[in-house]
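All ligand and atom numbering here is 1-based and tracks the order in the structure.
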Amino acid sequence: MSNYPSPRATGATGAAAGAAQAGTAATGTTRGRDEAALILARCDELATHTSLPGGVERVYLSPHHASVNRLAARWMTEAGMTTWQDAAGNQCGRYEGFDPGAPALLLGSHLDTVRDAGRYDGILGVLLAIAVVDRLKRAGVRLPFAVEVLAFADEEGTRFGATLLGSRAAAGTWDTAWLDLVDADGITMRDAFTAFGLDPDRVAEAARTTADTVGYLEAHIEQGPYLEEADRALAVVSSIAGARRFALTLTGVAGHAGGVPYHRRHDALAGAAEIVLAVEKEARDRDCIATVGHLQAYPGGVNVIPGRVEFSLDLRGEHDDRRDEVWLAIQATTAEVCARRGLTIEATETHAADAVVADPRLRDVIRDGIAATGDTDPMTLFSKAGHDAMAMADLTPWAMLFVRCGNGGISHHPDEIVDAADVAIALDAFEAAVRGVASEGAA
Ligand code: HGY
Ligand code: MN
Ligand code: MN
(Lines give C-alpha, C1' and ligand atoms only; values in the text may rest on other atoms or scores of the structure.)
(Ligands and ions follow the chains in the order given, each with its own letter.)
Protein backbone atom coordinates (compact mmCIF):
# COMPACT_ATOMS: atom_id res chain seq x y z
CA MET A 1 0.00 0.00 0.00
CA SER A 2 1.51 3.29 -0.99
CA ASN A 3 1.45 6.62 0.74
CA TYR A 4 -0.09 5.59 3.99
CA PRO A 5 0.23 8.52 6.35
CA SER A 6 0.91 7.56 9.96
CA PRO A 7 -2.34 8.06 11.81
CA ARG A 8 -2.44 10.01 15.05
CA ALA A 9 -3.07 7.91 18.16
CA THR A 10 -6.39 6.26 17.60
CA GLY A 11 -6.46 3.34 20.03
CA ALA A 12 -8.32 0.44 18.45
CA THR A 13 -7.41 -0.23 14.86
CA GLY A 14 -9.29 -0.92 11.71
CA ALA A 15 -12.80 -0.08 10.70
CA ALA A 16 -14.11 -1.27 14.05
CA ALA A 17 -12.25 1.67 15.49
CA GLY A 18 -13.56 3.70 12.63
CA ALA A 19 -17.09 2.70 13.48
CA ALA A 20 -16.57 3.31 17.18
CA GLN A 21 -15.04 6.72 16.50
CA ALA A 22 -17.80 7.59 14.12
CA GLY A 23 -20.50 6.13 16.30
CA THR A 24 -21.70 4.91 12.97
CA ALA A 25 -23.91 2.27 14.42
CA ALA A 26 -26.35 4.70 12.95
CA THR A 27 -28.02 1.94 10.98
CA GLY A 28 -31.66 1.92 11.74
CA THR A 29 -31.40 5.22 13.57
CA THR A 30 -33.40 8.19 12.40
CA ARG A 31 -30.24 9.84 11.13
CA GLY A 32 -29.27 6.79 9.07
CA ARG A 33 -32.76 6.51 7.65
CA ASP A 34 -32.85 10.22 6.80
CA GLU A 35 -29.45 10.02 5.07
CA ALA A 36 -30.54 6.99 3.06
CA ALA A 37 -33.76 8.73 2.08
CA LEU A 38 -31.77 11.75 0.91
CA ILE A 39 -29.44 9.54 -1.14
CA LEU A 40 -32.39 7.82 -2.83
CA ALA A 41 -34.10 11.17 -3.46
CA ARG A 42 -30.89 12.37 -5.12
CA CYS A 43 -30.81 9.22 -7.27
CA ASP A 44 -34.33 10.13 -8.37
CA GLU A 45 -33.30 13.73 -9.07
CA LEU A 46 -30.28 12.64 -11.12
CA ALA A 47 -32.54 10.29 -13.09
CA THR A 48 -34.45 13.32 -14.40
CA HIS A 49 -31.29 14.43 -16.24
CA THR A 50 -31.83 12.16 -19.20
CA SER A 51 -32.00 12.20 -22.99
CA LEU A 52 -34.59 9.39 -22.96
CA PRO A 53 -38.19 10.53 -22.43
CA GLY A 54 -39.65 8.36 -19.64
CA GLY A 55 -36.33 6.60 -19.05
CA VAL A 56 -32.74 7.13 -17.91
CA GLU A 57 -29.97 7.68 -20.43
CA ARG A 58 -27.02 10.03 -19.81
CA VAL A 59 -23.92 9.91 -21.97
CA TYR A 60 -20.45 11.43 -21.99
CA LEU A 61 -20.05 15.12 -22.86
CA SER A 62 -23.80 15.63 -23.18
CA PRO A 63 -25.84 18.51 -21.71
CA HIS A 64 -27.10 16.02 -19.08
CA HIS A 65 -23.52 15.15 -18.17
CA ALA A 66 -22.94 18.85 -17.58
CA SER A 67 -26.10 19.31 -15.52
CA VAL A 68 -25.46 16.35 -13.21
CA ASN A 69 -21.90 17.56 -12.68
CA ARG A 70 -23.32 20.90 -11.48
CA LEU A 71 -25.70 19.06 -9.14
CA ALA A 72 -22.95 16.82 -7.77
CA ALA A 73 -20.71 19.88 -7.30
CA ARG A 74 -23.42 21.52 -5.21
CA TRP A 75 -23.83 18.42 -3.02
CA MET A 76 -20.05 18.12 -2.66
CA THR A 77 -19.83 21.76 -1.57
CA GLU A 78 -22.61 21.23 1.00
CA ALA A 79 -20.55 18.29 2.32
CA GLY A 80 -17.58 20.59 2.96
CA MET A 81 -15.57 19.87 -0.16
CA THR A 82 -13.82 22.17 -2.58
CA THR A 83 -14.91 21.18 -6.09
CA TRP A 84 -13.67 21.26 -9.65
CA GLN A 85 -14.36 19.58 -12.97
CA ASP A 86 -11.21 17.95 -14.27
CA ALA A 87 -9.86 17.99 -17.84
CA ALA A 88 -11.77 14.80 -18.76
CA GLY A 89 -15.11 16.08 -17.46
CA ASN A 90 -15.03 14.18 -14.13
CA GLN A 91 -16.66 16.09 -11.28
CA CYS A 92 -14.28 16.12 -8.30
CA GLY A 93 -14.53 17.20 -4.66
CA ARG A 94 -11.85 17.35 -1.96
CA TYR A 95 -12.20 17.30 1.84
CA GLU A 96 -8.86 18.17 3.42
CA GLY A 97 -7.23 16.07 6.11
CA PHE A 98 -5.58 17.60 9.15
CA ASP A 99 -2.49 18.19 6.97
CA PRO A 100 -3.62 20.35 4.06
CA GLY A 101 -2.24 19.06 0.76
CA ALA A 102 -1.77 15.52 2.12
CA PRO A 103 -2.28 12.56 -0.26
CA ALA A 104 -5.92 11.70 -0.81
CA LEU A 105 -8.02 8.59 -0.36
CA LEU A 106 -10.17 8.54 -3.50
CA LEU A 107 -13.82 7.49 -3.34
CA GLY A 108 -15.81 7.32 -6.54
CA SER A 109 -17.99 5.79 -9.17
CA HIS A 110 -19.72 7.02 -12.32
CA LEU A 111 -22.66 9.29 -13.22
CA ASP A 112 -23.09 8.18 -16.83
CA THR A 113 -25.50 5.38 -17.76
CA VAL A 114 -26.22 2.73 -20.34
CA ARG A 115 -29.21 3.12 -22.67
CA ASP A 116 -32.58 2.85 -20.90
CA ALA A 117 -30.78 2.40 -17.60
CA GLY A 118 -31.65 2.02 -13.98
CA ARG A 119 -30.96 4.87 -11.55
CA TYR A 120 -28.42 3.31 -9.16
CA ASP A 121 -25.60 1.82 -11.29
CA GLY A 122 -22.65 4.08 -10.49
CA ILE A 123 -24.85 6.85 -9.14
CA LEU A 124 -25.37 5.21 -5.74
CA GLY A 125 -21.60 4.91 -5.26
CA VAL A 126 -21.02 8.60 -5.96
CA LEU A 127 -23.77 9.64 -3.53
CA LEU A 128 -22.58 7.25 -0.80
CA ALA A 129 -19.10 8.78 -1.13
CA ILE A 130 -20.49 12.32 -0.77
CA ALA A 131 -22.56 11.20 2.24
CA VAL A 132 -19.46 9.74 3.96
CA VAL A 133 -17.65 13.07 3.59
CA ASP A 134 -20.75 14.88 4.83
CA ARG A 135 -20.63 12.72 8.00
CA LEU A 136 -16.94 13.56 8.53
CA LYS A 137 -17.71 17.26 8.12
CA ARG A 138 -20.66 17.16 10.52
CA ALA A 139 -18.52 15.32 13.08
CA GLY A 140 -15.71 17.86 12.61
CA VAL A 141 -13.37 14.96 11.81
CA ARG A 142 -10.14 15.46 9.86
CA LEU A 143 -8.23 12.32 8.83
CA PRO A 144 -4.46 11.83 8.20
CA PHE A 145 -5.23 12.18 4.51
CA ALA A 146 -7.61 14.15 2.32
CA VAL A 147 -10.73 12.42 1.02
CA GLU A 148 -11.64 13.09 -2.60
CA VAL A 149 -14.84 12.10 -4.37
CA LEU A 150 -14.59 11.44 -8.12
CA ALA A 151 -17.84 11.35 -10.07
CA PHE A 152 -16.57 9.74 -13.25
CA ALA A 153 -17.99 11.08 -16.51
CA ASP A 154 -17.98 7.91 -18.63
CA GLU A 155 -17.68 4.35 -17.34
CA GLU A 156 -20.19 2.65 -19.64
CA GLY A 157 -18.85 3.73 -23.03
CA THR A 158 -22.41 4.22 -24.26
CA ARG A 159 -21.64 7.13 -26.60
CA PHE A 160 -18.24 6.27 -28.08
CA GLY A 161 -17.79 2.53 -27.42
CA ALA A 162 -14.54 2.79 -25.45
CA THR A 163 -15.24 2.55 -21.72
CA LEU A 164 -13.80 3.66 -18.36
CA LEU A 165 -12.87 6.96 -20.01
CA GLY A 166 -13.22 9.13 -16.88
CA SER A 167 -11.33 6.80 -14.58
CA ARG A 168 -8.67 6.08 -17.19
CA ALA A 169 -8.06 9.81 -17.52
CA ALA A 170 -7.74 10.04 -13.73
CA ALA A 171 -5.44 7.00 -13.67
CA GLY A 172 -3.23 8.52 -16.38
CA THR A 173 -3.94 5.77 -18.94
CA TRP A 174 -5.94 7.88 -21.41
CA ASP A 175 -5.36 6.92 -25.06
CA THR A 176 -5.41 10.00 -27.32
CA ALA A 177 -6.66 7.76 -30.16
CA TRP A 178 -10.04 7.75 -28.39
CA LEU A 179 -10.49 11.39 -29.43
CA ASP A 180 -11.01 10.17 -33.00
CA LEU A 181 -13.88 7.83 -32.05
CA VAL A 182 -17.24 8.92 -33.39
CA ASP A 183 -20.71 8.60 -31.91
CA ALA A 184 -23.88 7.43 -33.68
CA ASP A 185 -24.29 10.93 -35.16
CA GLY A 186 -20.77 10.97 -36.57
CA ILE A 187 -19.54 13.48 -33.96
CA THR A 188 -15.92 12.84 -32.96
CA MET A 189 -15.02 12.75 -29.28
CA ARG A 190 -12.64 15.61 -30.01
CA ASP A 191 -15.51 17.80 -31.25
CA ALA A 192 -17.68 16.66 -28.36
CA PHE A 193 -14.96 17.77 -25.93
CA THR A 194 -14.86 21.21 -27.52
CA ALA A 195 -18.65 21.54 -27.55
CA PHE A 196 -18.69 20.56 -23.85
CA GLY A 197 -16.18 23.34 -23.08
CA LEU A 198 -13.14 21.12 -22.55
CA ASP A 199 -9.83 21.22 -24.41
CA PRO A 200 -9.25 17.74 -25.92
CA ASP A 201 -5.51 18.37 -25.96
CA ARG A 202 -5.40 18.84 -22.19
CA VAL A 203 -7.05 15.59 -21.04
CA ALA A 204 -3.74 14.42 -19.59
CA GLU A 205 -4.10 17.13 -16.92
CA ALA A 206 -6.81 14.97 -15.31
CA ALA A 207 -4.22 12.33 -14.39
CA ARG A 208 -3.52 11.77 -10.69
CA THR A 209 -0.18 10.66 -9.34
CA THR A 210 0.35 7.56 -7.22
CA ALA A 211 2.36 9.67 -4.81
CA ASP A 212 -0.70 11.85 -4.12
CA THR A 213 -3.02 8.89 -3.64
CA VAL A 214 -3.63 6.71 -0.60
CA GLY A 215 -5.97 4.30 -2.39
CA TYR A 216 -9.33 4.00 -4.13
CA LEU A 217 -12.60 2.71 -2.61
CA GLU A 218 -15.80 2.27 -4.61
CA ALA A 219 -19.29 1.38 -3.43
CA HIS A 220 -21.54 -0.05 -6.16
CA ILE A 221 -24.74 -2.06 -6.54
CA GLU A 222 -23.97 -5.77 -7.03
CA GLN A 223 -25.76 -6.05 -10.40
CA GLY A 224 -26.34 -9.72 -9.70
CA PRO A 225 -28.57 -12.03 -7.60
CA TYR A 226 -26.16 -13.39 -5.00
CA LEU A 227 -26.67 -10.93 -2.12
CA GLU A 228 -30.45 -11.19 -2.49
CA GLU A 229 -30.23 -15.02 -2.57
CA ALA A 230 -28.06 -14.98 0.57
CA ASP A 231 -30.28 -12.36 2.23
CA ARG A 232 -27.25 -10.15 2.89
CA ALA A 233 -27.07 -6.39 2.40
CA LEU A 234 -23.37 -6.01 1.62
CA ALA A 235 -20.35 -7.85 0.26
CA VAL A 236 -16.69 -7.13 -0.30
CA VAL A 237 -15.37 -7.62 -3.84
CA SER A 238 -12.49 -10.06 -4.38
CA SER A 239 -11.71 -9.27 -8.02
CA ILE A 240 -13.28 -7.89 -11.21
CA ALA A 241 -13.56 -9.84 -14.46
CA GLY A 242 -11.31 -8.90 -17.34
CA ALA A 243 -13.31 -7.70 -20.35
CA ARG A 244 -12.82 -7.39 -24.09
CA ARG A 245 -15.31 -5.76 -26.49
CA PHE A 246 -15.47 -6.06 -30.27
CA ALA A 247 -17.43 -4.50 -33.13
CA LEU A 248 -17.92 -7.08 -35.91
CA THR A 249 -19.23 -6.84 -39.48
CA LEU A 250 -20.29 -9.98 -41.36
CA THR A 251 -20.69 -9.46 -45.12
CA GLY A 252 -22.54 -11.69 -47.58
CA VAL A 253 -24.74 -10.84 -50.59
CA ALA A 254 -28.13 -9.18 -50.39
CA GLY A 255 -30.79 -10.62 -52.69
CA HIS A 256 -34.40 -11.41 -53.37
CA ALA A 257 -36.00 -13.31 -50.48
CA GLY A 258 -37.95 -15.45 -52.93
CA GLY A 259 -35.80 -15.63 -56.00
CA VAL A 260 -32.46 -16.81 -54.58
CA PRO A 261 -32.36 -20.56 -53.83
CA TYR A 262 -30.63 -21.63 -50.62
CA HIS A 263 -27.59 -23.18 -52.32
CA ARG A 264 -26.81 -19.81 -53.91
CA ARG A 265 -27.31 -17.66 -50.82
CA HIS A 266 -24.72 -15.78 -48.78
CA ASP A 267 -27.05 -14.80 -45.96
CA ALA A 268 -25.16 -12.64 -43.44
CA LEU A 269 -27.89 -12.87 -40.78
CA ALA A 270 -28.15 -16.67 -40.91
CA GLY A 271 -24.37 -16.76 -40.52
CA ALA A 272 -24.49 -14.28 -37.63
CA ALA A 273 -27.13 -16.41 -35.92
CA GLU A 274 -24.77 -19.42 -35.94
CA ILE A 275 -21.99 -17.22 -34.52
CA VAL A 276 -24.18 -15.77 -31.74
CA LEU A 277 -25.03 -19.28 -30.52
CA ALA A 278 -21.35 -20.24 -30.71
CA VAL A 279 -20.47 -17.18 -28.58
CA GLU A 280 -22.76 -18.47 -25.84
CA LYS A 281 -21.51 -22.08 -26.08
CA GLU A 282 -17.78 -21.30 -26.17
CA ALA A 283 -18.08 -18.93 -23.18
CA ARG A 284 -20.15 -21.33 -21.08
CA ASP A 285 -17.77 -24.20 -21.84
CA ARG A 286 -14.90 -22.15 -20.33
CA ASP A 287 -16.75 -20.64 -17.36
CA CYS A 288 -16.65 -17.21 -18.97
CA ILE A 289 -19.50 -14.98 -20.04
CA ALA A 290 -20.09 -13.39 -23.43
CA THR A 291 -22.94 -11.38 -24.87
CA VAL A 292 -24.01 -10.06 -28.24
CA GLY A 293 -25.89 -6.98 -27.11
CA HIS A 294 -26.33 -5.21 -30.43
CA LEU A 295 -27.06 -6.67 -33.86
CA GLN A 296 -28.28 -4.85 -36.97
CA ALA A 297 -29.06 -6.52 -40.34
CA TYR A 298 -28.82 -4.57 -43.59
CA PRO A 299 -30.49 -3.50 -45.77
CA GLY A 300 -33.26 -4.58 -43.37
CA GLY A 301 -36.04 -5.24 -45.85
CA VAL A 302 -38.49 -8.03 -44.99
CA ASN A 303 -38.15 -9.45 -48.51
CA VAL A 304 -34.38 -8.98 -48.85
CA ILE A 305 -31.70 -11.49 -47.86
CA PRO A 306 -29.43 -9.61 -45.39
CA GLY A 307 -26.17 -8.81 -47.12
CA ARG A 308 -24.50 -7.33 -44.06
CA VAL A 309 -24.78 -7.69 -40.29
CA GLU A 310 -23.09 -5.45 -37.75
CA PHE A 311 -22.95 -6.82 -34.18
CA SER A 312 -21.15 -6.38 -30.88
CA LEU A 313 -19.36 -8.84 -28.62
CA ASP A 314 -18.85 -8.31 -24.89
CA LEU A 315 -16.55 -11.02 -23.48
CA ARG A 316 -15.53 -11.38 -19.82
CA GLY A 317 -13.73 -13.84 -17.59
CA GLU A 318 -12.27 -14.14 -14.11
CA HIS A 319 -9.00 -15.18 -15.74
CA ASP A 320 -7.73 -13.34 -18.81
CA ASP A 321 -6.19 -16.46 -20.41
CA ARG A 322 -9.49 -18.39 -20.30
CA ARG A 323 -11.31 -15.34 -21.66
CA ASP A 324 -8.83 -15.11 -24.52
CA GLU A 325 -9.32 -18.84 -25.27
CA VAL A 326 -13.01 -18.10 -25.76
CA TRP A 327 -12.15 -15.39 -28.28
CA LEU A 328 -9.91 -17.81 -30.20
CA ALA A 329 -12.71 -20.40 -30.25
CA ILE A 330 -15.23 -17.82 -31.48
CA GLN A 331 -12.80 -16.79 -34.23
CA ALA A 332 -12.42 -20.44 -35.33
CA THR A 333 -16.18 -20.93 -35.49
CA THR A 334 -16.58 -17.67 -37.40
CA ALA A 335 -13.98 -18.75 -39.96
CA GLU A 336 -15.78 -22.07 -40.53
CA VAL A 337 -19.20 -20.35 -40.90
CA CYS A 338 -17.74 -17.81 -43.35
CA ALA A 339 -16.07 -20.50 -45.45
CA ARG A 340 -19.25 -22.59 -45.60
CA ARG A 341 -21.61 -19.68 -46.32
CA GLY A 342 -19.33 -17.55 -48.51
CA LEU A 343 -19.20 -14.65 -46.04
CA THR A 344 -16.42 -12.33 -44.88
CA ILE A 345 -15.84 -11.00 -41.36
CA GLU A 346 -14.21 -7.86 -39.97
CA ALA A 347 -13.60 -7.53 -36.21
CA THR A 348 -12.39 -4.40 -34.38
CA GLU A 349 -11.52 -4.54 -30.69
CA THR A 350 -13.09 -1.50 -29.03
CA HIS A 351 -12.20 -2.16 -25.39
CA ALA A 352 -9.89 -4.33 -23.33
CA ALA A 353 -9.36 -4.37 -19.57
CA ASP A 354 -7.54 -7.13 -17.71
CA ALA A 355 -8.99 -8.79 -14.64
CA VAL A 356 -7.93 -7.01 -11.44
CA VAL A 357 -7.65 -8.26 -7.86
CA ALA A 358 -8.56 -6.04 -4.92
CA ASP A 359 -5.75 -4.88 -2.64
CA PRO A 360 -5.76 -7.29 0.33
CA ARG A 361 -5.38 -4.57 2.96
CA LEU A 362 -8.08 -2.29 1.54
CA ARG A 363 -10.29 -5.32 0.98
CA ASP A 364 -9.94 -6.16 4.67
CA VAL A 365 -10.80 -2.57 5.58
CA ILE A 366 -14.03 -2.95 3.58
CA ARG A 367 -14.67 -6.29 5.28
CA ASP A 368 -14.16 -4.69 8.68
CA GLY A 369 -16.49 -1.86 7.64
CA ILE A 370 -19.20 -4.41 6.86
CA ALA A 371 -18.50 -6.21 10.15
CA ALA A 372 -18.86 -2.89 11.99
CA THR A 373 -22.50 -2.85 10.87
CA GLY A 374 -23.14 -6.16 12.60
CA ASP A 375 -22.56 -8.57 9.69
CA THR A 376 -19.74 -10.44 11.38
CA ASP A 377 -19.02 -12.80 8.48
CA PRO A 378 -19.09 -10.56 5.40
CA MET A 379 -19.70 -12.17 2.02
CA THR A 380 -17.02 -11.96 -0.66
CA LEU A 381 -18.07 -11.75 -4.31
CA PHE A 382 -16.26 -11.83 -7.67
CA SER A 383 -17.57 -9.09 -9.95
CA LYS A 384 -18.51 -10.06 -13.50
CA ALA A 385 -19.61 -6.45 -13.98
CA GLY A 386 -16.86 -4.01 -14.85
CA HIS A 387 -16.18 -0.97 -12.70
CA ASP A 388 -14.04 2.16 -12.57
CA ALA A 389 -11.86 0.35 -10.03
CA MET A 390 -10.46 -1.63 -13.01
CA ALA A 391 -8.96 1.59 -14.35
CA MET A 392 -7.97 3.00 -10.97
CA ALA A 393 -6.00 -0.21 -10.32
CA ASP A 394 -3.33 1.24 -12.66
CA LEU A 395 -2.93 4.19 -10.28
CA THR A 396 -3.39 2.90 -6.76
CA PRO A 397 -4.54 0.00 -4.56
CA TRP A 398 -8.31 -0.44 -4.67
CA ALA A 399 -11.23 -2.20 -3.00
CA MET A 400 -14.99 -2.27 -3.51
CA LEU A 401 -18.14 -2.56 -1.43
CA PHE A 402 -21.17 -4.23 -3.05
CA VAL A 403 -24.71 -3.24 -2.08
CA ARG A 404 -27.63 -5.63 -2.60
CA CYS A 405 -29.96 -4.79 -5.44
CA GLY A 406 -33.40 -6.38 -5.55
CA ASN A 407 -35.57 -7.83 -8.34
CA GLY A 408 -33.10 -10.70 -8.80
CA GLY A 409 -30.23 -8.22 -9.03
CA ILE A 410 -31.50 -6.80 -12.31
CA SER A 411 -29.37 -3.94 -13.65
CA HIS A 412 -28.79 -2.02 -16.87
CA HIS A 413 -32.58 -1.97 -16.77
CA PRO A 414 -35.24 0.46 -15.51
CA ASP A 415 -36.30 -2.09 -12.85
CA GLU A 416 -32.95 -1.71 -11.04
CA ILE A 417 -33.78 -1.26 -7.35
CA VAL A 418 -32.12 -0.85 -3.94
CA ASP A 419 -33.63 -0.85 -0.47
CA ALA A 420 -33.35 2.22 1.78
CA ALA A 421 -32.29 0.12 4.79
CA ASP A 422 -29.45 -1.40 2.71
CA VAL A 423 -28.36 2.09 1.67
CA ALA A 424 -28.23 3.14 5.34
CA ILE A 425 -26.15 0.06 6.21
CA ALA A 426 -23.89 0.68 3.21
CA LEU A 427 -23.28 4.25 4.36
CA ASP A 428 -22.27 3.03 7.82
CA ALA A 429 -19.96 0.40 6.35
CA PHE A 430 -18.41 2.80 3.84
CA GLU A 431 -17.80 5.45 6.50
CA ALA A 432 -16.29 2.85 8.83
CA ALA A 433 -14.04 1.67 5.99
CA VAL A 434 -12.81 5.21 5.27
CA ARG A 435 -12.04 5.73 8.95
CA GLY A 436 -10.51 2.27 9.00
CA VAL A 437 -8.00 3.29 6.32
CA ALA A 438 -6.92 6.09 8.65
CA SER A 439 -6.52 3.90 11.71
CA GLU A 440 -4.94 1.00 9.75
CA GLY A 441 -2.39 3.26 8.15
CA ALA A 442 0.63 2.42 10.24
CA ALA A 443 0.47 -1.34 9.72
O1 HGY B 1 -20.45 -3.40 -18.47
C2 HGY B 1 -20.23 -3.36 -17.27
O3 HGY B 1 -19.99 -4.37 -16.65
C4 HGY B 1 -20.29 -2.04 -16.55
O5 HGY B 1 -21.60 -1.81 -16.13
N6 HGY B 1 -19.84 -0.98 -17.41
MN1 MN C 1 -23.08 -0.37 -15.75
MN1 MN D 1 -21.42 0.72 -12.95
Quiz item: Judged by non-hydrogen atoms, does His110 sit under 4.0 Å from ligand 1?
Solution: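 Contact check His110 vs ligand 1: negative.
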Practice problem: Return yes when His387 approaches ligand 1 closer than 4.0 angstrom through a heavy atom, no otherwise. | Solution: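 It does not; every heavy atom stays at 4.0 Å or beyond.
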Quiz item: Between Arg208 and Cys92, which heavy-atom pair has the shortest distance, and what is it?
Solution: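 Answer, listing the atom of Arg208 first, then Cys92: NH2-SG, 3.7 Å.
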Quiz item: Hey, is His412 touching ligand 1 through its side chain, its backbone, both or neither, going by heavy atoms under 4.0 Å?
Solution: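 Just the side chain.
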Quiz item: Where's the contact between His220 and ligand 1, heavy-atom distance under 4.0 Å: side chain, backbone, both or neither?
Solution: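 No part of His220 is near ligand 1 at this cut-off.
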Relative to the heavy atoms of [X], which atoms of ligand 1 are at a distance of less than 4.0 Å?
X      : result
Arg245 : 1 (O)
Glu156 : 4 (C), 5 (O), 6 (N)
Glu155 : 4 (C), 6 (N)

Exercise. From the options Thr188, Asp201, Val203, select the one residue that forms a side-chain contact (heavy atoms from CB on, under 4.5 Å) with Phe193.
Key: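 The residue from Thr188, Asp201, Val203 that satisfies side-chain contact (heavy atoms from CB on, under 4.5 Å) with Phe193 turns out to be Val203.
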Quiz prompt | Name of the residue among Thr158, Ile123, Leu46, Val68 meeting side-chain contact (heavy atoms from CB on, under 4.5 Å) with Thr113 | solution =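 Answer after filtering Thr158, Ile123, Leu46, Val68: Ile123.
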Quiz prompt | Arg115 atom CZ, over 12 foreign heavy atoms within 6.0 Å | solution =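 Result for CZ/Arg115: open.
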Quiz item: Do other residues, nucleotides or ligands put more than 12 heavy atoms under 6.0 Å from Asp287 CG?
Solution: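 Atom CG in Asp287 is not packed in, count stays at 12 or less.
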Quiz item: Can you find an N or O of Arg316 that's nearer than 3.5 Å to an N or O of ligand 1?
Solution: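 Checking ligand 1 against Arg316, an N or O pair does fall under 3.5 Å apart.
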Exercise. Please determine if Ala385 has a nitrogen or oxygen closer than 3.5 Å to a nitrogen or oxygen of ligand 1.
Key: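 No, Ala385 has no N/O under 3.5 Å of an N/O on ligand 1.
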Practice problem: Show your reasoning for whether side chain to side chain contact (heavy atoms under 4.5 Å, CB included) applies to Ile330 and Thr334. | Solution: CA-CA 6 Å; Ile330 292 168; Thr334 300; 4.0 Å; yes
Quiz prompt | Flag for Ser109-Glu218: side-chain donor and acceptor within less than 3.5 Å | solution =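 Side chains of Glu218 and Ser109: pair found under 3.5 Å.
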Quiz prompt | Distance-only donor-acceptor check, side chains Asp321 and His319, under 3.5 Å | solution =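 The criterion, which ignores hydrogens and geometry beyond distance, is not satisfied for His319 and Asp321.
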Quiz item: Is the ring centre of Phe402 less than 6.0 Å from the ring centre of His387?
Solution: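 Yes - the distance between ring centres of Phe402 and His387 falls below the 6.0 Å cut-off.
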Exercise. Using the ring of Tyr60 (Phe, Tyr or Trp, six-membered ring only), decide whether Arg159 places NZ or CZ under 6.0 Å from its centre and within 45 degrees of its axis.
Key: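 Judged by the rule, Arg159 and Tyr60 form no cation-pi pair.
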Quiz item: Under 2.8 Å from the Mn ion (ligand 3), how many protein N/O/S atoms can be counted?
Solution: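 Under the 2.8 Å cut-off, the count stands at 3.
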